[in-house]
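What follows is one structure encoded as structure tokens, with my remarks underneath.
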Amino acid sequence: MSNRSDRDAIIGGGVLLAGTLSMMLAFFVGDHARKDENSLSVTARFNRADGIVVGSPVRLSGAPIGTVTAQALDDKYRALLTLNLRSDVQLPADSTALIYTDGLLGAKYIELRPGGDDALLKSGQEIEYTQDAVVIEDLLDMIIQQARAKRGYLDKPLPTTSN
């Protein structure tokens, strides 16, 4: 009986040790990625940044090139996002930042589209051209309103099948 409990204790200790080591590695790698001193830090303003949080990915042509590192509100109550981009990515100054959804109900991310300007975006500058997030509830509401208007029920209650 003591053989089995010794074996269970050793296996439990090994699992605990492996979990601790993997957590330490995750924190070390994540901390190292955030402290890249050569990275490019830019800002972008959005009217709606629904679904974007600190840590959301920033992509260029679908490939991850950075993350959202801060969120704030400006004096006109617009979302001001700080994006930390890889230092090897050179973007034209007239690039565009768009908020996309990964699939129909997936997570949101920032997609960057390069512009055609000869000047490059420098650290501390702002991406001037942005496109806000599409909120699925607003889109569905708009579709329902259009269907009701087409059928003549815009200002009337919908008919019921019960008597």
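Here the structure is a predicted model, which means the values were calculated and not measured.
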If you measure from [atom1] on [X] to [atom2] on [Y], what distance do you get to the nearest 0.5 Å?
X    : Y    : atom1 : atom2 : result
R48  : Q131 : CZ    : CD    : 13.5 Å
I11  : L16  : CD1   : CG    : 13.5 Å
S22  : L17  : OG    : CG    : 9.5 Å
Q145 : D138 : CD    : CG    : 11.5 Å
T67  : L81  : OG1   : CG    : 11.5 Å
L25  : T20  : CG    : OG1   : 12.5 Å

Looking only at heavy atoms, which two atoms of [X] and [Y] are closest? And how far apart?
X    : Y    : answer
D50  : A133 : O-CB, 3.8 Å
R78  : N47  : NE-OD1, 3.1 Å
T130 : R45  : OG1-O, 2.7 Å
I127 : A97  : CG2-N, 3.9 Å
N84  : S39  : OD1-OG, 2.7 Å
I52  : Q71  : O-NE2, 2.5 Å

Would you say that more than 12 heavy atoms from the other residues, nucleotides or ligands in this model lie under 6.0 Å from the CD of E126, or not?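 Counting neighbours around CD of E126, more than 12 heavy atoms of other residues, nucleotides or ligands fall under 6.0 Å, so yes.
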In terms of heavy-atom contacts, does CG of D118 have more than 12 from other residues, nucleotides or ligands at under 6.0 Å?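 Open: at most 12 neighbouring heavy atoms sit under 6.0 Å from CG of D118.
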Would you mind writing out the side-chain donor-acceptor pairs for residues 107-114 within the sub-3.5 Å range, not counting sequence neighbours?
from: K108; atom 1: NZ; to: V134; atom 2: O; distance (Å): 3.1
from: E111; atom 1: OE2; to: S61; atom 2: N; distance (Å): 3.0
from: R113; atom 1: NH2; to: Y100; atom 2: OH; distance (Å): 2.3

So, are R86 and D88 salt-bridged, with charged N and O less than 4.0 Å apart?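 Judged by the 4.0 Å cut-off on N to carboxylate O distance, R86 and D88 do form a salt bridge.
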Would you find a donor on one side and an acceptor on the other, under 3.5 Å apart, between the side chain of D117 and the backbone of A93?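 Pair absent, no side-chain N/O of D117 close to backbone of A93.
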Tell me whether S41 contacts the main-chain N or O of S123 through its side chain, where contact means a donor paired with an acceptor under 3.5 Å.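 Pair absent, no side-chain N/O of S41 close to backbone of S123.
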According to salt bridge (charged side-chain N to carboxylate O under 4.0 Å, His left out), who are the partners of D75, at least two apart in sequence or on a separate chain?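 Expected list: none.
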Is there a path of hydrophobic side-chain contacts, each under 4.5 Å between heavy atoms of I/L/V/M/F/W/Y residues, joining V42 to L60?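 Shared cluster, yes.
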Determine whether V58 and V89 fall in the same hydrophobic cluster, where Ile, Leu, Val, Met, Phe, Trp and Tyr are linked whenever their side-chain heavy atoms lie under 4.5 Å apart.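 Per the 4.5 Å side-chain linkage, V58 and V89 are co-clustered.
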